[in-house]
Amino acid sequence: MPVWNLSEARGRMISEAEVRLQYGDHPTMFCMLLNHGGKFTDFPGRKYVNGKRHYVDLIDIETFCVHDIDDMMVKLGYIDENLHVEMYYHFRRPLCDLDFGLFALASDDDVRHLAKYVGQHKLIEVYTEHGQTKLHTYSMSPNPSKVRIVEIDCTPKRLFLEWHDTQVEPNDVLTFEPNRNNPPVSPTRNEPSIDKVDMVSDNANIMETEIEHSSDDNSSGDEINSGDDSESQDGDFLLDEDNIIDDVEVDMREFHLNVDPDVEWIGGASKRKNHVVTEDGNEADLEVIDMELFLSDSSSDDGIEGERNKKIKAIRRAHENENAQVSEPFYLYQKFNSSKEFKDMVNQHAIDTRRELDFEKNDKNRVRVVCRGTITSLGGGTGQEVVNEEGKCPWVLLASKWKHDKDWTVKTYVSEHKCLQTRKVRACDYKFLSKQILQLVEANPKIPVKALREQLQRIYKVDISKMKAFRAREAALKIIRGDYATQYKILQDYLLELQTQNPDTTIKLDVESEPNPDVETRTFRRVYVCLGALKQGFAAGKRDFLGVDGAFMKGPFHGQILSAVALDGNNGIYPLAYAVVEAETLNSWTWFLTHLGDDLGLASNSNFTFISDRQKGLSSAIADLFPCAEHRYCVRHIHENMRSRWRGDKFKELLWNCSTTYTVQEFEKEMEEVRKLNQECYEWLKQIPPQHWARSHFTGRAHSDIVINNICECFNSKIIDGRDTPIINCLEFIREYIMKRIVNVEKEIDKATGPLTPTATKLLQKIKDQAEEYTTSFCGNGKYQVSGPWQDQCVVNVNQRTCSCKKWEINGMPCKHVVSAIWDMRRNNGAIGIPETFVHECYWLSTWRNMYSFKVDPINGRRLWIKSPCPTTLLPPKHHVPIGRPKKKRRKSTTEKEDMIKGNTVSRAQKTVTCTKCNNKGHNARTCKGQLPTVGKKGKKKNEKGKEKDKGKENEKGKQKKKGKEKDPL
């Protein structure tokens with residue numbers, strides 16, 4: 001009796017390739033997938049439902065018999081040894097369906113029939129029925145399997161099958177690694193490793209778990225293994241060491257829009273089948289009744305009997321074709337659900353075999369495929385002459401369907417090829433390749449085209465051009481991310497789901513005006529989103545300070561992403577609101593700030609603080625909506641404008657000194673230094689009001705002395721990968737980034753200790769170190785005179801929380817003078833002075849924790865979105881495709897172009913040269929074309945010197961002519 005191992009089938013199914021790798025080329029060993037406890041559905045589309053699966057390993061076909069299956073059923077508890085039980089066994093021929101591929105397994109003749117397939121297929125599926133059977137397979141077997149169970153002696157070994165206990169998708173790339181301790185080989189994913197489960201089946205304990213399956217999932221088929229445009233950000237030419245943005249890392253590499261693959265707009269075909277779930281949790285197949293067939297056959301009993309006879313004949317014809325080559329993908333009477341399924345299989349076969357297959361006939365009722373390959377033969381007997389004969393290959397395939405049938409049947413098939421293989425296969429187009437690289441592109445959307453092309457050529461061994469690989473990657477990205485234009489149609493459903501899952505969320509959708517109100521479509525214009533959790537968290541942060549900025553989108557529909565970013569107590573960014581608009585204009589900024597003011601409860605007389613880069617229309621919009629608000633300008637952008645005319649580190653240093661001084665007296669002193677250096681620069685800088693860019697003219701409303709808009713630049717760099725995606729993906733990328741960031745910051749909060757945030761603690765400690773060098777004199781009424789080195793002397797009023805240096809009033813953090821006065825309080829009035837208690841509460845750790853206690857809620861996938869009640873359909877904005885390739889990178893400023901380095905030398909781009917001949921700029925002496933000289937002292941001197949040289953040359957020429965005439969003898 002053969003020794004076999006029985007183990008329960010859990011998780012995913014073992015593929016043919018894995019079993020073949022286990023047994024190698026052994027001709028008689030195979031593995032059985034035993035399906036038991038279920039029943040077959042009716043023909044056609046037969047399935048095996050409500051059953052269980054067990055793998056039976058280590059079976060030798062030379063010693064195998066039907067009674068071995070009886071022993072297995074005893075071990076599984078189906079057969080009592082003292083009772084007579086009728087059992088029916090069937091096996092499925094590899095690569096066939098359950099309609100025509102089932103054969104009886106009841107006698108030694110049936111076992112010999114099974115042995116024909118073991119040599120090429122190592123995984124055989126066996127199905128059992130209990131009590132009765134409706135199949136016609138036993139009518140062809142001489143010995144039906146009505147067996148009397150006898151005593152069985154079976155001592156199976158321990159089975160070591162080791163694999164990942166996870167669901168494996170059809171396109172997962174599998175690699176096989178040997179198990180040194182417990183062979184045979186087990187499949188592992190070609191991905192980061194996870195814990196493995198050693199599944200061992202013992203005699204005493206065979207675990208039984210019902211699994212939902214049907215035999216049409218191709219579990220026995222072989223598993224097929226398929227094989228920086230980073231944007232440069234603005235560089236900080238000016239660094240504010242006291243206000244460095246402290247941000248946490250948020251991993252957005254695995255961002256995927258959770259959308260059902262059945263949705264048509266994504267571009268992927270539906271892979272799920274109709275099913276229903278029973279009360280016990282099992283998935284039962286839903287039998288669909290063909291109403292057309294029922295109506296046509298209900299007229300007479302002869303029609304039903306005739307249909308039954310046709311199907312019986314079809315079964316017999318399929319059995320007559322059993323001696324065909326099972327390795328071939330096609331065989332006579334093979335069924336296909338549609339012509340598309342048949343043509344897809346033909347194209348796949350053409351690529352696998354590298355043959356030039358052509359659809360000679362392709363209509364509604366028939367498809368004829370021939371081979372157009374080239375036959376090469378030697379002629380003349382010399383061995384040198386080559387004769388090419390095209391279109392003579394005998395390979396041919398014909399599939400057709402009857403007028404009233406839905407299935408397509410293979411009627412003619414000649415599998416012989418006489419042509420040569422080719423590397424130029426027409427079926428291997430970019431559409432086919434895009435479906436094969438979905439997982440690869442999803443894991444690495446920025447995979448280089450060159451690397452993708454090399455990998456595809458290595459897998460399919462055909463020629464793939466660079467442009468074809470590029471189009472395949474773009475098509476795969478379109479399937480993964482969705483179509484840019486089509487996503488606007490379901491944008492209203494997404495916004496409704498977002499607002500439903502996140503209470504108190506404000507969403508504003510603006511469309512283009514339509515003169516005809518009866519039109520059912522509207523053109524998208526703008527969308528504004530402010531999540532409810534962010535509004536509550538911003539109010540809990542107790543800092544009325546916002547940075548506003550815009551960033552361009554990179555898709556086919558150009559636009560701008562406007563954002564409002566706050567600052568938390570740890571000097572980290574806190575995104576508050578975002579919007580997608582058509583452009584940065586006065587109208588779009590007014591629209592965005594109006595909704596932002598409504599969410600924050602801002603009025604025209606609100607004392608709020610904004611910081612921006614002086615975008616187009618933004619200054620006017622803030623001045624019109626919030627005239628009492630404080631609007632700061634980013635000093636770095638002011639320096640860029642100034643650098644186009646006045647270059648050098650000296651100008652940058654003076655500008656930074658003017659901006660970072662805290663008193664008006666120091667500001668006037670620094671501005672005088674600028675006037676001494678360059679009067680024109682002084683006049684230009686004086687035209688910008690100092691209350692927009694100088695700390696000496698700031699108020700203490702924001703409790704921050706930031707003069708650089710780094711918070712918005714930091715946020716724009718985080719969402720750079722989402723700006724190149726369709727509209728829903730872009731909005732969802734921003735929401736998911738904010739959701740993950742809040743959780744990551746909360747983890748950092750749990751690690752923090754002390755009364756202040758980590759950044760505030762470091763800044764205060766630095767101030768304490770400076771305060772040790774100061775002396776304090778108490779003057780009464782809470783006033784102190786604090787003196788230090790370099791003639792630094794200020795007045796501190798502890799009761800009013802003011803200092804004459806104004807640092808405490810502006811940023812809310814006690815300065816070195818205040819800390820020195822706090823330390824002196826105990827000696828004068830007995831109060832214990834703790835500097836941390838004088839820090840504004842926006843820097844407290846409790847405030848920071850309360851700010852991030854409001855979480856952004858997740859949303860459901862596309863299948864669960866509620867249909868928007870809006871009767872109109874949203875259309876994408878109007879877009880005119882520009883000439884040339886779309887630009888992906890940001891336009892660099894003039895200062896960035898000047899600082900470029902080419903090789904080991906500094907680039908001379910944007911540098912102006914002066915001609916030494918005419919004293920004009922823009923060209924040199926070599927390319928001078930005699931332009932008029934410029935008016936100036938240097939120009940006059942050079943022109944006078946040039947005239948003197950010209951006169952000297954003319955005099956010398958005249959003298960030489962006279963000498964020549966004197967020497968002439970004539």
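Count residues from 1 along the sequence. For the numbers below, each heavy atom of this structure counts, side chains included, while hydrogens, waters and symmetry mates do not.
Remark: R526 engages D510, E582 in a salt bridge (Lys or Arg N to Asp or Glu O under 4.0 Å) (not counting sequence neighbours). Scored by the side-chain hydrogen bond (donor to acceptor under 3.5 Å, both in side chains) test, T661 finds no partners at all (sequence neighbours excluded). Checked against side chain to side chain contact (heavy atoms under 4.5 Å, CB included), Q665 has the following partners two or more places apart in sequence or in another chain: T663. Annotation: side chain to side chain contact (heavy atoms under 4.5 Å, CB included) contacts of C928 (sequence neighbours excluded): C915, K917, C918, H923, Q931. Listed by chain and residue number, S853 satisfy the side-chain hydrogen bond (donor to acceptor under 3.5 Å, both in side chains) test with N850 (two or more places apart in sequence, or in another chain). Partners of K542 by side-chain hydrogen bond (donor to acceptor under 3.5 Å, both in side chains), not counting sequence neighbours, listed by chain and number: E841. Applying the side chain to side chain contact (heavy atoms under 4.5 Å, CB included) rule to P755 yields the partners E836; only residues at least two apart in sequence or on another chain are considered. Applying the side-chain hydrogen bond (donor to acceptor under 3.5 Å, both in side chains) criterion to E748, with sequence neighbours excluded, gives no partner residue.
Each side chain to side chain donor-acceptor pair (under 3.5 Å) pair with one or both residues in residues 590-599, not counting sequence neighbours, appears once here: T506-D599, Y528-D599, W591-H595. For residues 698-719, the set of pairs meeting the ring-ring contact (aromatic ring centres under 6.0 Å, His included) definition, not counting sequence neighbours, comprises H703-H840. Sorted by first then second residue, the ring-ring contact (aromatic ring centres under 6.0 Å, His included) pairs that include residues 789-808, not counting sequence neighbours, number zero.
Figure legend: cation-pi geometry between R741 and Y574 absent, as NZ or CZ is not positioned both under 6.0 Å from the six-membered ring centre and within 45° of its axis.
Closest approach of G569 and T757 over heavy atoms only: O-OG1, 3.0 Å. In terms of heavy-atom proximity, T837 sits nearest to R801 at O-NH2, 4.0 Å.
Note on ring orientation: taking the six-membered ring where Trp is involved, the planes of F610 and F608 are tilted (angle from 30° to 60°).
Atom CG of N799 has more than 12 neighbouring heavy atoms from other residues, nucleotides or ligands inside a 6.0 Å radius.
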Which donor-acceptor pairs under 3.5 Å do the side chains of residues 810-823 make with protein atoms, sequence neighbours left out?
residue, atom, partner, partner atom, Å
N811, OD1, M813, N, 3.0
K816, NZ, Y774, OH, 3.1
H817, NE2, D792, OD1, 3.3
H817, NE2, D792, OD2, 3.0
S820, OG, T776, OG1, 2.6

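Side-chain contact check for T802 and N797: no donor-acceptor pair (N or O, by modelled atom type) lies under 3.5 Å. Inspection of the N709 and D549 side chains reveals no N or O donor paired with an N or O acceptor under 3.5 Å.
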